[in-house]
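Working notes, beginning with the structure itself.
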Amino acid sequence: MIYRFLPLVLLFLMSFAPKTTNNVNFNISESVSASNVMAKIEMVYNSLDANSFAMPQIECFKKAMLGFYTLKEKGLIEKDILTVIDFSMSSTKKRMWVIDLMANKILFNTVVSHGMKSGLEYADSFSNEMNSNKSSLGFYVTGETYLGKHGLSLKLDGQERGINDNARNRSVVMHGAEYANPTIIRNQGYLGRSQGCPAIPEAVKNQIINTVKGKTCLFIFHPNRAYDIASKLIAQS
């Protein structure tokens with residue numbers, strides 16, 4: 001399913017070529033293949049300024065970039081900001097990244113909560129159903145901000161039918177929470193959990209929400225075979 005997007009993906013990747021004296025030349029005239037596109041995404045990954053943060057896993061980043069571009073090509077993304085959440089990682093780890101793709105720089109790296117019914121320390125069960133209290137995988141477009149019970153919060157619109165498209169109806173939003181404070185980990189051995197929202201520490205809430213609001217891409221990753229098969233926004237293996 002990836003092949004119809006390959007020429008456009010290559011054009012897109014050219015805009016993220018490293019801006020250094022060792023700049024990689026993304027030659028659109030070369031043979032187009034899935035492996036070629038993945039290699040170019042890996043070059044983008046290797047060019048990122050980690051900004052003293054840990055890097056996301058390459059598998060997670062590759063899938064995030066493929067979906068990001070597909071959404072951008074459809075006109076659903078207005079800013080070159082990519083948020084990646086890796087739910088294959090322990091909730092005790094900083095498993096959320098906000099990346100400025102135009103600057104090739106990681107802006108934030110923080111802990112993030114998963115749904116209380118998705119798991120304890122690790123998230124391993126996901127749902128799009130109302131009242132499931134589980135996280136949903138896949139691609140989202142960030143919407144508008146509002147002031148709710150958690151203060152400044154951010155609406156999310158799931159882009160994948162049957163996977164996360166109930167997000168707005170479920171009130172799955174990005175917000176800050178005391179239970180998402182890293183100090184909780186020291187007390188109970190894992191981060192506090194939400195009702196399905198990607199909740200983040202209060203200390204970084206305003207900065208992150210104001211950076212990613214207004215039609216940017218958010219991708220929640222897990223090496224989940226059922227998701228890989230169902231998703232129309234990533235390459236099928």
Would you confirm whether [X], through its side chain, and [Y], through its main-chain N or O, come within 3.5 Å as a donor-acceptor pair?
X: N224; Y: A226; answer: yes
X: N128; Y: N166; answer: yes
X: N210; Y: Q207; answer: no
X: N133; Y: G115; answer: no
X: S118; Y: S125; answer: yes

Just so I know, are the side chains of [X] and [Y] near enough to count as touching, which here means a heavy-atom distance under 4.5 Å?
X: D157; Y: Y140; answer: no
X: C60; Y: V84; answer: yes
X: P182; Y: P201; answer: yes
X: F139; Y: L71; answer: yes
X: V141; Y: K215; answer: yes
X: I208; Y: T110; answer: yes

- In sequence, state the C-alpha distance, the side-chain angles, and the governing distance for M55 and Y45, and then conclude on side-chain contact (heavy atoms from CB on, under 4.5 Å). CA-CA 9 Å; M55 293 282 284; Y45 176 85; 3.6 Å; yes
Determine the minimum heavy-atom distance between [X] and [Y], stating which atoms define it.
X: K105; Y: L48; value: N-CD2, 4.0 Å
X: A180; Y: A199; value: CB-O, 3.7 Å
X: C197; Y: V173; value: CB-O, 3.0 Å
X: N164; Y: Q159; value: OD1-N, 3.0 Å
X: S47; Y: N104; value: OG-ND2, 3.2 Å
X: M174; Y: V212; value: SD-CG2, 4.2 Å

- Would E178 and K149 pass as an ion pair if we require N to O under 4.0 Å? no
- Message: Taking K205 first and then E202, would you say they form a salt bridge - that is, a charged N and a carboxylate O separated by under 4.0 Å?
- Response: yes
- Query: For H222 and Y227, what are the C-alpha separation, side-chain angles and deciding distance, and is it a ring pair (Phe, Tyr, Trp, His ring centres under 6.0 Å)?
  - Reply: CA-CA 8 Å; H222 188 276; Y227 169 75; 9.8 Å; no
Roughly how far apart are [X] [atom1] and [Y] [atom2], rounded to 0.5 Å?
X: I106; Y: L101; atom1: CD1; atom2: CG; answer: 10.5 Å
X: Y69; Y: D80; atom1: OH; atom2: CG; answer: 11.0 Å
X: N51; Y: I99; atom1: CG; atom2: CD1; answer: 11.5 Å
X: S88; Y: E59; atom1: OG; atom2: CD; answer: 8.0 Å
X: L233; Y: E160; atom1: CG; atom2: CD; answer: 4.5 Å
X: L156; Y: S136; atom1: CG; atom2: OG; answer: 10.5 Å

- Task: I would like to know whether E42 and K62 meet salt bridge (Lys or Arg N to Asp or Glu O under 4.0 Å); could you show each step before the answer?
- Result: CA-CA 7 Å; E42 189 167 344; K62 285 179 177 179; 3.6 Å; yes
- side-chain contact (heavy atoms from CB on, under 4.5 Å) between M130 and N169: does it pass, once the steps are laid out? CA-CA 8 Å; M130 300 292 292; N169 291 335; 4.1 Å; yes
Cluster check [X], [Y]: I/L/V/M/F/W/Y, side chain < 4.5 angstrom:
X: F219; Y: L107; answer: yes
X: M96; Y: I184; answer: no
X: L120; Y: L191; answer: no
X: M116; Y: Y122; answer: no
X: V111; Y: V98; answer: no

- Report, as yes or no, whether the 6.0 Å neighbourhood of atom CD on Q188 holds more than 12 heavy atoms from other residues, nucleotides or ligands. yes
- Message: If you count heavy atoms of other groups shown closer than 6.0 angstrom to NZ of K117, is the number above 12?
- Response: no
- Query: Do you know which of K93, R95, K94, Q57 makes side chain to side chain donor-acceptor pair (under 3.5 Å) with D86?
  - Reply: Q57
- Query: Can you list the residues that meet the side chain to side chain donor-acceptor pair (under 3.5 Å) rule with T142, with sequence neighbours excluded?
  - Reply: T216
- Contact list for residues 171-209, test ring pair (Phe, Tyr, Trp, His ring centres under 6.0 Å), sequence neighbours left out: H150-H175
- Within residues 73-109 or reaching into it, pairs that qualify as ring pair (Phe, Tyr, Trp, His ring centres under 6.0 Å) - sequence neighbours excluded: F87-H114
- Task: Report yes or no: do E121 and S90 form a side-chain donor-acceptor pair below 3.5 Å?
- Result: yes
- Please determine, by modelled atom types, if R170 and S132 share a side-chain donor-acceptor pair under 3.5 angstrom. yes
- Would D228 and K63 satisfy side-chain contact (heavy atoms from CB on, under 4.5 Å), going step by step from the backbone distance to the final call? CA-CA 10 Å; D228 287 349; K63 288 183 177 180; 3.0 Å; yes
- Query: Which is it for V44 and F61 under the side-chain contact (heavy atoms from CB on, under 4.5 Å) test, yes or no, and what are the steps along the way?
  - Reply: CA-CA 10 Å; V44 174; F61 183 79; 4.2 Å; yes
